[in-house]
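Have a look at the structure below before the remarks.
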Number of protein chains: 2
Amino acid sequence: MTDLKYLELPQCPVATTALLIGDHWKILIIRELLNGTKRFSELAKGLDGVSNKVLSQHLKIMEIRGLIHREVYAEVPVKVEYSLTSIGWKLKPLIREMWKWGEIYKESIHTNDV
Amino acid sequence: MTDLKYLELPQCPVATTALLIGDHWKILIIRELLNGTKRFSELAKGLDGVSNKVLSQHLKIMEIRGLIHREVYAEVPVKVEYSLTSIGWKLKPLIREMWKWGEIYKESIHTNDV
DNA sequence: CAGTATCCATGAAGATACTG
DNA sequence: CAGTATCTTCATGGATACTG
């Protein structure tokens with residue numbers, strides 16, 4: 001598994017961000033967690049169609065990179081909660097801009113004014 | 001090639017944005033074009049390591065989806081310029097947020113405060 | 001419940017050579 | 001110059017079954 005220490009960050013901050021969350025599932029995971037702490041199964045439900053394997057892989061790498069926090073509760077059956085770290089929360093304005101632009105784009109499609 | 005008409009946009013605006021520009025190369029192409037009109041070779045140089053094939057594929061799909069404009073000049077040798085459309089320009093705040101967060105993240109790495 | 005272990009299919013990307 | 005055409009390689013994702 002890719003370790004944080006071996007992840008060469010690009011000079012450009014935009015490229016850095018693209019590298020860290022620049023893919024479909026990670027973006028949606030952040031979106032989910034901006035609504036608060038979630039359990040594994042809750043995340044899976046919110047991310048329609050994601051497989052266990054893919055979801056757990058993304059969560060793991062995002063935890064390693066410091067974006068999310070994983071809390072295990074010693075209950076039976078086991079309970080695991082995922083939440084954003086402080087730096088993860090700082091992605092909120094970015095996701096908000098994605099939301100805004102997505103709405104603008106969808107509107108522009110309807111008016112044929114792409 | 002995926003046609004705009006057959007691209008089902010998700011309900012969620014965030015997912016829509018993720019679908020349209022949620023990958024490494026597209027983000028960097030937008031970043032480049034926010035600095036102004038560029039020729040194919042200029043883009044290739046700015047996007048270190050991208051192959052002709054991959055670059056032209058992304059440009060084509062982004063043009064189809066209305067994000068960028070392609071202008072061909074009937075010169076010899078031919079000159080082609082790429083620029084953002086009006087809706088493409090509206091990605092500027094989003095890229096700005098990516099820039100800001102990328103800087104924050106890189107800083108946090110240095111201070112071990114991830 | 002929250003994953004892991006496999007296996008398979010798909011496709012995105014890279015290198016190279018060639019063309020209008 | 002600005003691509004296209006191929007071919008190969010590799011990573012990612014999906015389905016399913018199983019486990020602490």
Side-chain angles (χ1 to χ4, degrees), chain A residues 1-3 6-8 10 15 18-30 32-33 36-65 67-83, chain B residues 1-3 6-8 10 15 18-30 32-33 36-65 67-83:
Chain A
M1 181 64 65
T2 309
D3 189 71
Y6 301 126
L7 180 65
E8 288 284 333
L19 188 64
L20 287 166
I21 61 158
D23 72 82
H24 202 74
W25 290 126
K26 289 194 184 71
I27 291 168
L28 298 186
I29 289 169
I30 301 282
E32 290 299 308
L33 294 182
T37 296
K38 302 239 171 164
R39 302 178 65 166
F40 187 87
S41 54
E42 292 175 317
L43 282 172
K45 197 161 55 176
L47 277 53
D48 191 44
V50 75
S51 67
N52 284 352
K53 192 193 70 169
V54 171
L55 179 54
S56 79
Q57 278 176 346
H58 282 288
L59 290 172
K60 194 175 294 183
I61 193 76
M62 290 170 78
E63 187 194 4
I64 290 173
R65 292 177 180 172
L67 303 187
I68 63 179
H69 173 70
R70 179 174 179 271
E71 186 79 33
V72 183
Y73 295 88
E75 304 173 358
V76 178
V78 65
K79 179 169 115 178
V80 180
E81 285 188 342
Y82 291 92
S83 56
Chain B
M1 181 63 66
T2 310
D3 188 73
Y6 301 126
L7 179 65
E8 290 283 335
L19 189 62
L20 287 166
I21 62 158
D23 71 80
H24 202 72
W25 290 126
K26 290 195 184 70
I27 291 168
L28 298 186
I29 289 169
I30 301 282
E32 290 299 306
L33 294 181
T37 297
K38 301 242 174 164
R39 302 178 63 167
F40 187 88
S41 54
E42 292 175 318
L43 283 171
K45 198 161 56 175
L47 276 55
D48 191 45
V50 74
S51 68
N52 285 352
K53 193 194 71 170
V54 171
L55 179 54
S56 81
Q57 278 177 345
H58 282 288
L59 290 171
K60 195 175 292 181
I61 192 76
M62 290 170 79
E63 186 194 3
I64 290 174
R65 293 178 180 172
L67 303 187
I68 63 178
H69 173 70
R70 179 174 180 269
E71 186 79 33
V72 183
Y73 295 88
E75 303 174 0
V76 178
V78 65
K79 180 170 115 179
V80 180
E81 287 188 341
Y82 291 91
S83 56

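We use all heavy atoms of the structure for the numbers below, so side chains are in, but hydrogens, waters and symmetry mates are not.
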Walk along nucleotides 6-20 of chain C from 5' to 3' and tag each nucleotide B, S or - by protein heavy-atom contact under 4.0 Å, base first, then sugar-phosphate.
BB-----BBB----B
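The phosphate of dT4(C) (OP1 or OP2) has a side-chain N or O of Ser56(A) nearer than 4.0 angstrom. The side chain of Tyr82(B) places an N or O atom within less than 4.0 Å of a non-bridging phosphate oxygen (OP1 or OP2) of dG3(D). Considering only side-chain N and O atoms, Arg39(B) lies nowhere under 4.0 angstrom from the phosphate OP1 or OP2 of dC1(D). At dA2(D), none of the side-chain N or O atoms of Arg70(B) fall inside 4.0 Å of OP1 or OP2 (strictly under the cut-off).
Between the P atom of dG3(C) and the CD atom of Glu75(A) lies a distance of 14 Å, rounded to the nearest Å. Rounded to whole Å, the distance from NZ on Lys38(A) to C1' on dC1(C) is 17 Å. Per the geometry, NZ belonging to Lys26(A) stands 12 Å off C1' belonging to dG13(D), to the nearest Å. Here dA5(D) presents its P atom at 8 Å from NZ of Lys60(B), a figure rounded to the nearest Å. The distance between atom NZ of Lys45(B) and atom C1' of dC1(D), rounded to the nearest whole Å, is 13 Å. Atoms CG (Leu55(B)) and C1' (dC1(D)) sit 13 Å apart, rounded to a whole Å. Here the P atom of nucleotide dG3(C) and the CD atom of Glu81(A) are 12 Å apart, to the nearest Å. For the pair Ile29(A) CD1 and dA2(C) C1', the interatomic distance rounds to 15 Å; values are reported in whole Å.
When base pairs are accepted only as Watson-Crick or G-U wobble with both N-N or N-O distances under 3.5 Å, DNA chain C takes part in stems of 3 or more pairs at C:1-20 with D:1-20.
Every pair passing salt bridge (charged side-chain N to carboxylate O under 4.0 Å, His left out) that includes a residue from residues 36-46 of chain A is listed here, sequence neighbours excluded: Glu32(A)-Lys38(A).
Two residues are said to be in side-chain contact when any heavy atoms from C-beta on lie closer than 4.5 Å; Leu59(A) and Leu43(A) meet this criterion. Within the 4.5 Å cutoff, the side chain of Ile29(A) has heavy atoms near those of the Leu55(A) side chain.
Among residues two or more places apart in sequence or in another chain, the side chain to side chain contact (heavy atoms under 4.5 Å, CB included) test is passed with Val78(A) by Val72(A), Val80(A). Partners of Lys79(B) by salt bridge (charged side-chain N to carboxylate O under 4.0 Å, His left out), not counting sequence neighbours, listed by chain and number: Glu81(B). For Glu75(B), the side chain to side chain donor-acceptor pair (under 3.5 Å) test picks out no residue, with sequence neighbours left out. A search for side chain to side chain donor-acceptor pair (under 3.5 Å) contacts involving His24(A) returns nothing, not counting sequence neighbours. With sequence neighbours left out, the side chain to side chain contact (heavy atoms under 4.5 Å, CB included) criterion links Asn52(A) to Phe40(A). Scored by the side chain to side chain contact (heavy atoms under 4.5 Å, CB included) test, Ala15(B) finds Leu28(A), Arg31(A), Pro10(B), Cys12(B) as partners (sequence neighbours excluded).
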